[in-house]
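Right, one structure below, let's go through it.
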Amino acid sequence: MGDKGGDNHSEVTDFILVGIRVRPERHSLLFLFFLIVCWMVLLGNLSMIGIIVTDPRLNTPMYFFLGNLSIIDLSYSTVIVPKAMVNILSQKKTISFAGCVAQLFLYALFMVTEAFVLAAMAYDRFIAICNPLLYTVRMSRSLCIQLVAGSYLCGWVSSILQISVTFLMSFCASRVIDHFYCGSNSIEKISCSNVFMNKMVSLSLTILIILPTIVVTVVSYMYIVSTVLKIHSSEGRKKAFSTCSSHLGVVSLLYGTVSFVYLTPPSNPELHKVASVCYILFTPMLNPFNLLSKK
């Protein structure tokens with residue numbers, strides 16, 4: 001099937017991003033919506049980074065991770081949103097082949113990296129609550145840097161594997177991607193190649209890379225809850241929970257919206273796009289407000 005007509009990806013110079021289907025008269029409103037939310041993402045995360053860098057009191061492992069989380073949120077939103085905004089007002093709505101490769105690579109990089117940073121933050125909260133006397137020893141500056149560096153390394157490996165299998169496919173049927181960004185699932189739909197290998201790679205990445213981050217987060221919070229419930233005073237329990245409530249809110253926002261996207265029926269692509277907006281725009285927008293409220 002992948003040999004149909006002898007066409008392959010090397011002959012594709014660009015793709016067409018359909019975007020969110022709205023009436024022509026509402027394109028301006030959609031553009032304005034993206035613009036406002038994009039500015040809120042930018043200002044919120046830059047403010048978060050600025051506060052963490054300038055306030056010596058926030059020179060702690062938790063805020064080190066939060067600063068990196070803001071950088072990641074800002075990065076994967078800006079990888080997608082500017083091009084989506086340009087295409088809203090454009091008639092052609094195209095993205096170059098190289099641009100599509102770069103967009104998928106960077107998006108996958110930052111999403112996987114964020115999952116690992118959130119797992120590292122869960123471990124940080126586990127040590128802080130369950131082993132407070134050993135916190136400064138275990139959560140050293142060097143370990144925090146290693147955890148973040150390892151998160152980016154896993155993101156790079158995952159992204160390279162993802163784009164390798166995605167763009168080795170043949171595109172002899174259509175160049176039209178029914179989405180507002182280059183996602184692997186959307187690209188697979190326009191390929192005339194056998195996508196079995198792509199599905200296997202995606203499943204392997206989920207099992208070997210994404211699933212462990214979820215396990216670390218869940219197990220950490222099982223221990224945290226168990227430890228907090230053993231605290232006799234209600235004030236003590238409240239104080240302990242408050243130290244991890246911000247992280248728990250971020251995790252719930254991200255995994256909740258991503259799960260909704262993947263549970264969205266394939267027969268309703270527009271609902272899938274709206275769900276994608278939630279974790280590409282709303283999660284990065286709300287994270288800084290959630291985190292700053294705990295400062």
TODO: Please check if V216 and Y152 belong to a single hydrophobic cluster, counting links between Ile, Leu, Val, Met, Phe, Trp and Tyr side chain heavy atoms closer than 4.5 Å.
DONE: no

Open item on the list: Applying salt bridge (charged side-chain N to carboxylate O under 4.0 Å, His left out) as the test, list every pair that has at least one member in residues 152-163; sequence neighbours left out.
Closed with: none

If you look only at distance, which donor and acceptor atoms sit under 3.5 Å apart when one is on a side chain in residues 21-29 and the other is two or more places apart or in another chain?
| from | atom 1 | to | atom 2 | distance (Å) |
| --- | --- | --- | --- | --- |
| R21 | NH1 | D178 | OD1 | 3.0 |
| R21 | NH1 | D178 | OD2 | 3.4 |
| R21 | NH1 | E270 | OE2 | 3.2 |

Task: Test side chain to side chain contact (heavy atoms under 4.5 Å, CB included) applied to S151 - qualifying residues, sequence neighbours left out - done: T113, F116, V117

Task: Fellow cluster residues of L134, listed by chain then number, with links counted only when side-chain atoms sit under 4.5 Å apart - done: none

Task: Remaining members of the apolar cluster that contains V176, side-chain heavy atoms under 4.5 Å - done: I16, V18

Task: Main-chain N/O of S193 paired with S170 side-chain donor or acceptor, under 3.5 Å - done: no

Name each donor-acceptor pair under 3.5 Å that joins a side chain in residues 78-85 to protein atoms two or more places apart or in another chain, with its distance.
| from | atom 1 | to | atom 2 | distance (Å) |
| --- | --- | --- | --- | --- |
| T78 | OG1 | L74 | O | 2.9 |
| T78 | OG1 | S75 | O | 2.9 |
| K83 | NZ | T94 | O | 2.8 |

Task: Pairs where residues 71-93 contributes a residue and the test ring-ring contact (aromatic ring centres under 6.0 Å, His included) is met, not counting sequence neighbours - done: none

Open item on the list: Between S77 and I280 (side chain of the first, backbone of the second, donor and acceptor by atom type, cut-off under 3.5 Å), is there such a pair?
Closed with: yes

Open item on the list: When you measure from the side chain of K93 to the backbone of S90, do you find a donor-acceptor pair of N or O atoms at a distance under 3.5 Å?
Closed with: yes

Task: Test item: S186 side-chain N/O and C182 main-chain N/O as donor-acceptor pair under 3.5 Å - done: no

Task: Residue pairs involving residues 204-230 (criterion ring-ring contact (aromatic ring centres under 6.0 Å, His included); sequence neighbours excluded) - done: F126-Y223, Y221-H247

Hey, can you pull the donor-acceptor pairs under 3.5 Å for the side chains in residues 138-145, sequence neighbours left out?
| from | atom 1 | to | atom 2 | distance (Å) |
| --- | --- | --- | --- | --- |
| S140 | OG | S142 | OG | 3.2 |
| S140 | OG | L143 | N | 3.3 |

TODO: Verify the neighbour count for atom CE of M222: are there more than 12 heavy atoms of other residues, nucleotides or ligands below 6.0 Å?
DONE: no

TODO: If a pair satisfies ring-ring contact (aromatic ring centres under 6.0 Å, His included) and one of its residues is in residues 174-220, list it, with sequence neighbours excluded.
DONE: Y107-Y181, H179-Y181, H179-H272

Open item on the list: Looking at N198 and V165, would you say the former's side chain and the latter's main chain have a donor-acceptor pair under 3.5 Å?
Closed with: yes

Open item on the list: Ring-plane angle category for F33 and F282, please: parallel below 30°, perpendicular beyond 60°, tilted otherwise.
Closed with: tilted

Open item on the list: Checking F105 now: which residues fulfil ring-ring contact (aromatic ring centres under 6.0 Å, His included) with it, not counting sequence neighbours?
Closed with: W156

Task: Contacts of L211 that satisfy side chain to side chain contact (heavy atoms under 4.5 Å, CB included) - sequence neighbours left out - done: V215

